[in-house]
Amino acid sequence: MFQPKGGLCANCIFATRCCAHLDFASMPVIKIYPDGVKAVKCSEYSKRL
């Protein structure tokens with residue numbers, strides 16, 4: 001299972017958008033949690049100013 005890294009989501013200009021349509025499996029893995037879930041850097045991430 002892949003999920004976006006939560007800290008990035010919290011600081012993204014798209015934080016209120018539903019991003020379920022994005023292909024997280026194709027994004028770079030940042031961290032693998034003990035349960036096997038892979039946190040990824042979202043390709044749509046854009047930092048809030």
Side-chain angles (χ1 to χ4, degrees):
M1 176 179 211
F2 296 86
Q3 69 181 33
K5 185 80 170 119
L8 294 177
C9 293
N11 293 309
C12 183
I13 62 172
F14 303 118
T16 59
R17 179 178 82 177
C18 177
C19 295
H21 66 282
L22 298 175
D23 182 17
F24 296 117
S26 69
M27 298 178 191
V29 174
I30 296 174
K31 181 176 183 173
I32 301 174
Y33 294 101
D35 63 358
V37 174
K38 295 175 180 149
V40 299
K41 181 176 182 194
C42 182
S43 59
E44 298 285 316
Y45 172 72
S46 185
K47 186 175 181 177
R48 272 190 234 185
L49 300 176

Atom pairs and distances, side-chain donor-acceptor, residues 40-49, under 3.5 Å, sequence neighbours left out:
| unit_1 | atom_1 | unit_2 | atom_2 | d |
| --- | --- | --- | --- | --- |
| R48 | NE | C12 | O | 3.1 |
| R48 | NH2 | A10 | O | 3.1 |

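Connectivity analysis of hydrophobic side chains (ILVMFWY, heavy atoms under 4.5 Å, direct or indirect) links I13 to F14.
Within the structure, salt bridge (Lys or Arg N to Asp or Glu O under 4.0 Å) contacts touching residues 1-12 (residues at least two apart or in different chains) do not occur. Residue pairs meeting the salt bridge (Lys or Arg N to Asp or Glu O under 4.0 Å) criterion with at least one partner in residues 24-33, sequence neighbours excluded, do not occur; the list is empty.
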Verdict with reasoning, M27 to L22, per side chain to side chain contact (heavy atoms under 4.5 Å, CB included): CA-CA 9 Å; M27 298 178 191; L22 298 175; 3.9 Å; yes
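Nearest heavy-atom pair, C9 versus A15, reported as atom, atom and distance to 0.1 Å: O-CB, 3.4 Å.
With sequence neighbours excluded, the residues satisfying side-chain contact (heavy atoms from CB on, under 4.5 Å) with A25 are F2, D23. Judged as a side-chain hydrogen bond (donor to acceptor under 3.5 Å, both in side chains), and not counting sequence neighbours, D35 has no contacts.
Transitive grouping of hydrophobic side chains (ILVMFWY, heavy atoms separated by less than 4.5 Å) keeps V29 and M1 in distinct clusters.
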